[in-house]
Amino acid sequence: MVGVIGTYRIRIARRRRAAAALAEITERLLAGETGDAVLRLIARGLRGALGADMARVMVLEPGDVLAVRVTDGAPAVTPSGPLTPGGSAPARQAIRAGRSTLSGGERRPPRYRRVPHDTALTSVLDAPLVVRGQPVGVIEVASRPGGRRLTRGDVRTVERFAPAAGHAVARIRHRDHLRRLASTAAGHGSVRRTLDSLAAGAVARTGAASCTVYLLEPGPGVTLRMAGGGHGHTPPSRRPALEAIAGAAPVIHGGSGGTAGDGPARGAVAAWPLLCESTAIGAMCCHFPAGRDPTDADLTVLEVIAGHAVCAVERDRLRTATQEKVVREERQRISRELHDSVSQALYGIALGARTARELLERDLAGPAGPAELAEPIDYIRRLADVAIAETRSLLCELRPESLEAEGLVAALTRHVEALRDRYGIAAEARLGDEPETTPEAKHALFRIAQESLHNVAKHSRARNVTLHLLSGPGTVTLTVADDGVGFDCQGSFPGHLGLLSMRERAREVGGTLNVDSRPGQGSRIRATVPTGS
């Protein structure tokens, strides 16, 4: 009887260690910890919780290479770095089967019993990591001869860590993917180097003393930025470049046929505009030595080189726009990953913890006592509830692009649900059908609603809030009303830009914003925008 009680207490202690480790890992994930740091916590936590000699996480790399990412314990028998595509037989077997495998772990001969791949190990447990239906790696836990034999109960423990490990691996993959994108962009060469090369070519082919490329800065006014060339001398006045841009035609300063020179040694300056579809985006200035005027052949060379400079600048701008699009798409993909992996895993944790709690209260009468055993489960349940609410809120903030795919009504509905879960406020949404207005107006209304609900949650101490979206003749009106403490809407709030930001958003799309609030009488925000039709 004493042995049974001792075994029971050991199991309970292991479960507590596993629960504590999983709670810490979940907190680290929500805090934005790096994927590798989370995997190290998982390996350490599993090894400690199961009393194993080694725990490691392997990741599927491009080319179907299974690489050891982190390892805890047993360094003498644990390889590191990339493994061959056919290596690590138990891990490969778990990936192919799509379920956990136990090698040599149990004394009875179930279908999980197989000979460990590594003869230095007596018991090996492998659990596949799956994200969005695709295998991304394996958790492997093992013991040496004479060590503890792993059991099917240990398999269930490892599988509880698999969703967090899968998310950490997905985070690593996203980071590596973005690095590859940045490396590819850098491989194309910067526009500065290209323009430097073209300026050097202009000097070599015309006999000029130096050459400088200027680009127009975006925004109001005419502001020039030196974008290439200009090495080995002090750049002269930018007046020739500005004149060439203003007239969209070549300009020669100095020399026998031009205006007063302002180049090096008062020599001639030939400024050629950079034209993209008849619009000047900059200018190229060649500075000639004193007594050396640019010839017709020089001007022809400058015209050709200027054309190459325009192509380089436009390629760079197109590449930048493409990269921004890739980043937006990557944010959408990360948002989907959060929803489909972490969010679902947290729901599972919360549901499992609630079920376990009910079973403990109803049936358990063990030596440890239900109150003592229920404490870690309650902690996990509270942490999971908070994490679910935080994840929903992050999804709403991370992906306003969903307006384009799902519409304003769906985006506002999701945001109201996040408000309920995160702050416990009774929020009611009366939204009706999707309004007929421009994408810009929908984006403005969404951000106004987001800021209004944020203020309700943080400052109003309201118990109830109503969000109403109404489409009328030629207008769409959004109203957010609460029963909180209110405020003096005529007063000034230095350092608080929420109301100013909302007014600016409404004004930018041709709409208006009205605020009605008094201390102790709640608040009402009403934004009206035109339909744009």
Quick one: do [X] and [Y] make a salt bridge, cutoff under 4.0 Å?
X      : Y      : value
Asp298 : Arg292 : yes
Arg40  : Asp36  : no
Arg317 : Glu314 : yes
Arg447 : Glu451 : no

Would you say that [X] contacts [Y] through its side chain, given a criterion of any heavy-atom pair below 4.5 Å between the two side chains?
X      : Y      : value
Leu60  : Ile95  : yes
Ile252 : Pro294 : yes
Val130 : Val136 : no
Leu299 : Trp272 : yes
Leu216 : Leu224 : yes
Arg430 : Thr466 : yes
Leu66  : Arg92  : yes
His167 : Val131 : no

Do you know which two heavy atoms are closest between [X] and [Y], and how far apart they sit?
X      : Y      : answer
Val310 : Cys276 : CG1-CB, 4.1 Å
Ile139 : Ala162 : CD1-CA, 4.1 Å
Cys286 : Leu302 : SG-CD2, 3.2 Å
Ile305 : Leu198 : CG2-O, 3.7 Å
Pro530 : Gly510 : CD-O, 3.5 Å
Ala306 : Pro273 : CB-O, 4.3 Å

Nearest 0.5 Å, what's the [atom1]-[atom2] distance between [X] and [Y]?
X      : Y      : atom1 : atom2 : value
Asp316 : Thr194 : CG    : OG1   : 8.0 Å
His308 : Glu303 : NE2   : CD    : 11.0 Å
Gln450 : Leu412 : CD    : CG    : 9.5 Å
Leu275 : Ile281 : CG    : CD1   : 8.5 Å
Met284 : Leu215 : CE    : CG    : 11.5 Å
His253 : Phe288 : NE2   : CZ    : 14.0 Å

Decide side chain to side chain contact (heavy atoms under 4.5 Å, CB included) for Leu467 and Thr479; before the verdict, give the C-alpha distance in whole Å, the side-chain angles of both, and the deciding distance to 0.1 Å.
CA-CA 6 Å; Leu467 189 145; Thr479 304; over 6 Å; no
Mark yes or no for whether [X], through its side chain, and [Y], through its backbone, hold a donor-acceptor pair below 3.5 Å.
X      : Y      : value
Arg69  : Val57  : no
Ser197 : Arg193 : no
Thr512 : Ala506 : no
Glu434 : Leu408 : yes

List in chain and number order the residues that pass side chain to side chain contact (heavy atoms under 4.5 Å, CB included) with Ser471, two or more places apart in sequence or in another chain; answer none if no residue qualifies.
Pro435, Val476
Evaluate the side chain to side chain contact (heavy atoms under 4.5 Å, CB included) criterion for residues Leu274 and Val213: first the C-alpha distance (whole Å), next the side-chain angles of each, then the deciding distance (0.1 Å), finally the verdict.
CA-CA 9 Å; Leu274 304 182; Val213 180; 3.9 Å; yes
Go through Ile525 and Leu513 one step at a time and tell me if the side chain to side chain contact (heavy atoms under 4.5 Å, CB included) criterion holds.
CA-CA 7 Å; Ile525 306 291; Leu513 184 107; 3.9 Å; yes
Starting from the C-alpha separation in whole Å, work towards a yes-or-no answer on side chain to side chain contact (heavy atoms under 4.5 Å, CB included) for Leu41 and Arg44.
CA-CA 5 Å; Leu41 281 174; Arg44 189 186 313 134; 3.5 Å; yes
Is it the case that atom CZ in Arg524 sees more than 12 heavy atoms from other parts of the structure closer than 6.0 Å?
no
